Amino acid sequence: MNENDITNPPENVTLFGQELTNLFRKGKDAWNAWVEEHPDADIGFDGAYLAYKTNESIISFVGFTFPKGYIAFAKAHFICSHSNAHSVDFSGVDFTQSTVDFSGMNIPDNNLIFKGAKFGSQNINFANSILGSVNFVDAVFSSGNIAFTNCTFNSGQNNTKAHLNFTRTQINAGDFRLEGSKGTLDGMNFTDATFGEGDISFINNELALNKLDFTRTWFNKGHFKIDFNMQGRFIRYIDFTRAIFDTGDISLAAIKLDEADHHTLPINLIFSQTKFGDGNVSFDHLTFGRKETCFTDCKFGSGYVSFKEVCFQTEIMDFSTTNFGNKEVDFSKTEWESIDVKFDNAIFGEGNVNFSGARFKSGAVSFVDTNFGDGDVNFSSSQFGEKTTFINKNSKNDNQQKSINFSKAIFGTGDIDFSDCKLTETDLNFNETRFNEGHVNFSQLTIKEGNLLFNKATFTKGDIDFTDLVVTYADPDSSLDPIVNFAETQFGDGLVNFKGIRWENCNVSFEKTTFGEGPVNFKLAQITKGNVSFVKTRFAKGDVTFVAAEFDGAVIDFAKATFDTGNIDFSKALLGTKHLNFTGTQFGDGNVKFNQSKLEQEQLSLKGAVFKAGAIDFSNTTIAATTVDFEGTSFGDEEVNFSDTTWTSKTINFKQATFGNGYINFNNSDFGDGEVNFNHTDFGEGNLDFIKCDFGGNKLDFSHSRALEGRVNFSGSHINSAEVD
């Protein structure tokens with residue numbers, strides 16, 4: 001819109017000046033009679049001074065008829081004789097046939113009323129006016145543009161608060177602009193207003209505005225834009241409750257004044273039950289105020305949604321049940337200073353979801369039952385609870401940890417990235433969460449004094465990366481629930497990578513967990529001073545590696561775990577616990593390697609374990625358990641290699657163990673001073689070598705054992721037992 005379209009009146013003004021003033025003072029009947037005689041006349045109030053009569057508080061144009069020509073109120077002055085507020089009233093006036101210019105009006109102490117007025121296809125211009133309150137309740141604008149550019153509000157001598165009221169106003173087709181204006185407004189009200197295809201713009205203003213109300217406002221195809229470069233002034237409160245947007249873009253983004261100015265002054269925004277259309281929506285760089293700000297039950301359309309570098313200072317930040325549409329949603333580098341952040345039951349569509357670099361400083365963060373759709377989900381480099389102690393206000397226990405809660409959330413087919421996140425005194429909860437086909441990245445995630453919870457979570461096809469994930473606790477308690485909990489988790493068919501994890505003072509559970517067909521990697525993993533449970537865990541077809549892993553807690557328990565066809569590698573591992581338990585473990589058809597490992601615990605049990613088709617390698621292993629129990633263990637038909645093994649145990653028990661038809665190699669093993677029991681052991685059909693072994697204990701028992709067809713060789717061995725059976 002060009003505001004100069006109507007500010008220069010034509011030369012043939014029919015009625016103006018004193019003659020116009022005199023006609024107005026005669027009242028509406030005389031006025032309307034004149035207009036009836038001159039239906040196409042131009043009228044010029046521009047520069048006129050209309051004074052209120054003594055004791056009157058209103059200059060009224062109600063019931064006045066205006067001709068079809070040019071109607072100029074430009075630079076009109078309305079003068080009151082005393083300090084009370086006065087009104088200039090155009091209620092119900094029909095300007096649909098006229099071209100009206102209100103630019104440059106000077107009525108700071110007055111109410112300007114256009115209640116129920118009607119405007120036609122011409123532009124309506126209030127540019128450069130000095131105004132108090134303006135009322136357009138129930139007004140109708142046909143197709144013309146509306147401009148409040150470079151206006152000054154409430155700058156008069158009285159202290160009344162100015163308002164702009166567009167309640168139920170219909171702006172059918174034209175643009176609406178409030179730009180470059182300054183001063184003070186208590187409120188602007190667009191409740192139940194309707195905008196058409198034109199753009200709506202609130203930019204480059206220096207206004208101090210208390211409240212901007214768009215409750216139930218219907219925005220059509222036009223673009224909507226508010227900037228918040230307020231140069232020290234600000235909008236306190238904006239309400240879009242139940243507003244409806246159509247296809248236009250929406251921007252409530254802040255403009256940075258310079259690189260040091262990260263955000264605007266705080267703004268309180270309400271978007272409860274708002275419906276956004278197919279345009280893009282941007283809140284970039286805004287600061288949300290400390291009162292409640294919510295997006296509950298909102299629905300975004302098919303446009304992009306951006307909260308990039310937003311600062312949330314609200315006591316409650318609620319996106320519960322919000323539907324974010326089908327395009328990208330960007331919360332990157334956001335700062336969350338609120339007590340509670342809720343995305344419970346929120347729905348994300350097919351676009352990517354980006355929380356990279358976000359900083360959650362305090363309060364509970366909840367994504368319960370959130371549906372993340374099919375886009376990538378990125379929480380890389382985000383931080384939770386930095387330098388803060390968190391209390392969950394909803395907990396009956398005031399000392400309960402704060403939780404970043406994704407329990408029962410649903411992720412789509414896109415990739416998911418939580419890499420390099422940092423949490424302090426905060427639980428990260430993915431219990432019963434469903435991950436879909438995308439890759440999942442938790443690499444270099446750090447949790448201090450918090451729990452990592454994936455109980456009953458489900459993964460499908462994508463790779464899962466937990467490399468270098470750190471969980472540290474200062475004071476463990478073995479009686480407490482697991483700090484790291486993957487119990488009953490179902491992993492998919494991609495790579496599951498725990499390489500280089502460091503979990504200190506943590507109880508860890510993979511009990512009844514199911515791994516898929518992809519490889520499982522715990523290489524260089526470190527779990528210290530905590531119990532580790534793989535009880536009844538099922539490993540499928542992929543290779544499983546614990547190469548050079550270090551477990552130094554109380555119990556490592558693989559009891560009744562099941563391995564399938566993949567190779568199993570504990571080579572060079574340091575398993576220094578009180579109890580290393582493989583009782584009843586079912587090893588599959590892959591090779592099993594413990595070579596060069598150190599098993600240093602009070603009790604090592606493979607009692608009743610079953611090895612199937614793969615080769616078994618304990619060569620060059622140090623077994624320092626007080627008690628070593630292979631009783632009833634079943635070894636398969638491939639080679640079983642205990643060569644160069646060092647045993648420093650009091651009891652080494654292979655009673656009733658069963659070996660298959662492969663080669664059995666104990667060559668160069670040092671059994672130390674412990675009792676060695678092969679009573680009722682079945683060595684199968686393969687060769688059995690104890691060449692150059694050292695039996696230094698007081699008992700060596702091979703009674704009732706048997707070797708069927710293979711060679712048995714003890715050449716070069718040293719047997720120093722007091723009792724040999």
Side-chain angles (χ1 to χ4, degrees), residues 568-576 580 582 587 591-607 609 611 614-703 705-707 710-725:
I568 305 162
D569 194 346
F570 283 88
S571 60
K572 299 181 180 179
L574 174 59
L575 307 179
L580 176 57
F582 287 91
F587 295 91
N591 300 324
V592 180
K593 299 175 68 174
F594 283 86
N595 59 297
Q596 302 182 63
S597 61
K598 294 183 178 181
L599 312 180
E600 300 175 345
Q601 52 280 140
E602 294 180 9
Q603 184 176 4
L604 167 61
S605 176
L606 283 90
K607 185 175 182 179
F611 295 86
I616 303 164
D617 188 357
F618 282 85
S619 64
N620 293 290
T621 298
T622 299
I623 301 177
T626 303
T627 301
V628 179
D629 193 354
F630 285 89
E631 182 176 342
T633 300
S634 176
F635 297 91
D637 290 332
E638 295 294 325
E639 179 181 356
V640 179
N641 188 355
F642 283 91
S643 64
D644 298 293
T645 299
T646 300
W647 309 71
T648 60
S649 307
K650 292 183 179 180
T651 302
I652 303 167
N653 183 18
F654 283 86
K655 181 180 179 181
Q656 295 180 341
T658 301
F659 291 84
N661 297 323
Y663 175 44
I664 304 169
N665 182 2
F666 282 88
N667 294 338
N668 299 304
S669 291
D670 183 352
F671 288 90
D673 297 331
E675 296 182 357
V676 180
N677 185 358
F678 285 94
N679 180 265
H680 284 91
T681 299
D682 189 340
F683 288 101
E685 298 180 0
N687 294 329
L688 173 62
D689 282 346
F690 284 91
I691 298 171
K692 296 183 180 180
C693 289
D694 189 350
F695 297 92
N698 58 13
K699 184 175 183 180
L700 175 60
D701 188 353
F702 281 88
S703 62
S705 63
R706 64 175 184 168
R711 180 192 69 247
V712 179
N713 190 348
F714 282 83
S715 63
S717 292
H718 175 255
I719 300 175
N720 190 31
S721 300
E723 180 180 347
V724 179
D725 291 329

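Quick note: numbers below take in every heavy atom, side chains included, and nothing from hydrogens, waters or symmetry partners. Predicted model only: the values in this text are computed from it and were never measured.
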Mind checking salt bridge (Lys or Arg N to Asp or Glu O under 4.0 Å) for Asp682 and listing every partner two or more places apart, or none if nothing turns up? Arg706
Run the side-chain donor-acceptor check on residues 594-601: report pairs under 3.5 Å with partners two or more places apart or on a different chain.
residue : atom : partner : partner atom : Å
Ser597  : OG   : Phe594  : O            : 2.4
Gln601  : NE2  : Leu575  : O            : 2.4

Sequence-distant partners of Glu675, side-chain hydrogen bond (donor to acceptor under 3.5 Å, both in side chains), two or more places apart: none
Identify the heavy atoms of Ser649 and Ile623 that sit nearest to each other, and give their distance. OG-O, 3.6 Å
So which atom in Phe587 and which in Ala609 form the shortest heavy-atom distance, rounded to 0.1 Å? CE1-CB, 4.3 Å
In terms of the angle between their ring planes, are Phe570 and Phe582 parallel, tilted or perpendicular, with boundaries placed at 30° and 60°? perpendicular
Just jot down the salt bridge (Lys or Arg N to Asp or Glu O under 4.0 Å) partners of Asp689, sequence neighbours excluded, or say none. Arg711
Say you draw a straight line from CZ of Phe642 to OG1 of Thr621; how long is it, rounded to the nearest 0.5 Å? 8.5 Å
Hey, what do you get for CZ (Phe671) to CG (Leu700), rounding to the nearest 0.5 Å? 8.5 Å
What distance do Asn713 atom CG and Ile664 atom CD1 have between them, rounded to the nearest 0.5 Å? 13.0 Å
Scan residues 621-645 for pairs that pass salt bridge (Lys or Arg N to Asp or Glu O under 4.0 Å), counting only residues two or more places apart or in two chains. none
For a quick check under 3.5 Å, do Asn677 and Asn679 share a side-chain donor-acceptor pair by atom type? no
Test of understanding: with side-chain hydrogen bond (donor to acceptor under 3.5 Å, both in side chains), list the residues that count as partners of Ser619, not counting sequence neighbours. Asp617
For the pair Ser717 (side chain) and Cys693 (backbone), establish whether a donor and an acceptor sit closer than 3.5 Å, ignoring hydrogens and angles. yes
Once you round to the nearest 0.5 Å, how far does CG of Asn720 lie from CG of Asp673? 8.5 Å
Could you measure the distance from the CD1 atom of Ile691 to the CG atom of Asn665? Nearest 0.5 Å is fine. 7.5 Å
Minimum heavy-atom separation for Ser703 to Asp701, with atom names? OG-OD1, 2.6 Å
From CG (Leu604) to CG (Leu580), nearest 0.5 Å: 5.0 Å
List the residues meeting side-chain hydrogen bond (donor to acceptor under 3.5 Å, both in side chains) with Thr645, not counting sequence neighbours, and say none if there are none. none
Results of side-chain hydrogen bond (donor to acceptor under 3.5 Å, both in side chains) for Asn661 - residues two or more places apart only: none
Can a donor-acceptor pair be found between the side chains of Asn653 and Thr651 at a distance below 3.5 Å? no
Can you name the ring-ring contact (aromatic ring centres under 6.0 Å, His included) partners of Phe678, sequence neighbours left out? Phe654, Phe666, Phe683, Phe690, Phe702
Which of these, Thr681, Ile652, Leu606, sits in a side chain to side chain contact (heavy atoms under 4.5 Å, CB included) with Phe630? Leu606
